[in-house]
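One structure below.
Note that these values count all heavy atoms, side chains included, but never hydrogens, waters or copies made by symmetry.
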Amino acid sequence: MSNKNPNTSKIIEIAKQKSLDTEKKVFSTIKSMIKNKKVINYNTVSQESMVSKSFLYNNEGIRKKIDMLRNEQDNLKNVINHKPNTSDKSKDVIIESLKFKIERLEKDNKDLKAALAAKYSEFYKDL
């Protein structure tokens, strides 16, 4: 016989407390990641705090915090990656190498298109 009126209030209370404890653990992990200047995103926070990504996505407060910090870090990366010390000569070398690479890729693309056209013509002749 099963209980028709089960008392699940204690289970629900324990689950809520566990969720709150996990949330505190995640926020402390985020704080330590900020102090250690680590990259903050859902994957890294999940790994550091040993919490599932779905928990992070489903918790509105945590999600807002991670999104805000991730956007801040993206803005900082753009500033940090800017290299004002590069000389004009090194920029010219980079530009020339990229032009050469583009020319090579365009030639390869043209050759591949020609080969594809030849294969199509063979295919349609056989029909």
Side-chain angles (χ1 to χ4, degrees):
M1 302 226 26
S2 65
N3 187 356
K4 295 192 183 224
N5 296 320
N7 184 7
T8 59
S9 62
K10 190 67 175 174
I11 293 173
I12 293 171
E13 182 183 324
I14 291 171
K16 286 181 182 178
Q17 185 61 43
K18 183 179 175 185
S19 179
L20 288 174
D21 292 342
T22 306
E23 188 175 332
K24 288 178 186 176
K25 177 177 153 183
V26 169
F27 279 118
S28 67
T29 301
I30 290 173
K31 285 180 185 177
S32 69
M33 290 176 74
I34 291 170
K35 286 180 185 176
N36 296 329
K37 297 180 181 178
K38 291 187 177 180
V39 175
I40 295 176
N41 56 39
Y42 291 100
N43 194 37
T44 57
V45 172
S46 171
Q47 289 174 349
E48 289 279 328
S49 61
M50 292 186 285
V51 174
S52 70
K53 288 182 209 170
S54 63
F55 179 83
L56 301 178
Y57 280 108
N58 290 332
N59 189 308
E60 191 70 27
I62 293 174
R63 186 168 24 151
K64 285 181 181 177
K65 182 77 169 178
I66 292 174
D67 287 339
M68 180 193 67
L69 292 170
R70 186 170 61 176
N71 290 335
E72 284 179 12
Q73 285 184 340
D74 285 343
N75 293 338
L76 288 176
K77 283 180 188 176
N78 291 339
V79 172
I80 292 172
N81 288 339
H82 177 66
K83 298 179 182 177
N85 299 341
T86 54
S87 68
D88 288 337
K89 186 174 183 178
S90 65
K91 288 179 186 177
D92 291 341
V93 170
I94 292 170
I95 290 170
E96 286 301 317
S97 68
L98 290 175
K99 283 182 181 178
F100 177 73
K101 186 175 183 178
I102 290 171
E103 288 174 6
R104 191 190 71 217
L105 290 173
E106 286 176 345
K107 181 186 177 298
D108 290 346
N109 192 14
K110 184 178 177 183
D111 293 343
L112 288 171
K113 284 182 180 179
L116 184 62
K119 287 290 183 184
Y120 274 136
S121 66
E122 287 177 24
F123 177 73
Y124 286 118
K125 284 182 184 175
D126 292 340
L127 290 179

State, yes or no, whether a side-chain contact exists between M68 and K65 at a heavy-atom distance under 4.5 Å. yes
Please answer whether the main-chain N or O of A15 pairs with a side-chain N or O of S19 as donor and acceptor at a distance below 3.5 Å. no
Taking all heavy atoms of M33 and all of V39, pick out the closest pair and write down the distance. CE-O, 3.2 Å
Find out whether I95 and K99 are in side-chain contact, i.e. whether some heavy atom of one side chain is under 4.5 Å from a heavy atom of the other. yes
What about I94 and F100, same hydrophobic cluster or not, with Ile/Leu/Val/Met/Phe/Trp/Tyr joined at side-chain heavy-atom distances under 4.5 Å? no
For the CD atom of E103 and the CG atom of L105, what is their distance to the nearest 0.5 Å? 10.5 Å
Scanning both residues in full, the closest heavy-atom pair of I34 with I40 reads CG1-CD1, 3.5 Å
Could you tell me the separation between the CG atom of L56 and the CD1 atom of I66, rounded to the nearest 0.5 Å? 4.5 Å
Only one of K10, Q17, K16 forms a side chain to side chain contact (heavy atoms under 4.5 Å, CB included) with I14, so which one is it? K10
Does the side chain of T44 come under 3.5 Å of the side chain of N41 through a donor N or O and an acceptor N or O? yes
Taking every non-hydrogen atom, the tightest pair across S9 and N7: OG-OD1, 2.9 Å
Does the Q73 side chain pair with the main chain of K37, one donor and one acceptor, at a distance under 3.5 Å? no
Salt bridge between E60 and R63, side-chain N to carboxylate O under 4.0 Å? yes
Taking K64 first and then D67, would you say they form a salt bridge - that is, a charged N and a carboxylate O separated by under 4.0 Å? no
Ignoring hydrogens and geometry, is there a side-chain-to-backbone donor-acceptor pair from T8 to I11 under 3.5 Å? no
Within the 4.5 Å heavy-atom criterion, are F55 and S46 side-chain neighbours or not? no
Is K107 salt-bridged to D111, going by a charged N under 4.0 Å from an acidic O? yes
Heavy-atom count check: over 12 atoms from other residues, nucleotides or ligands less than 6.0 Å from K25 NZ? yes
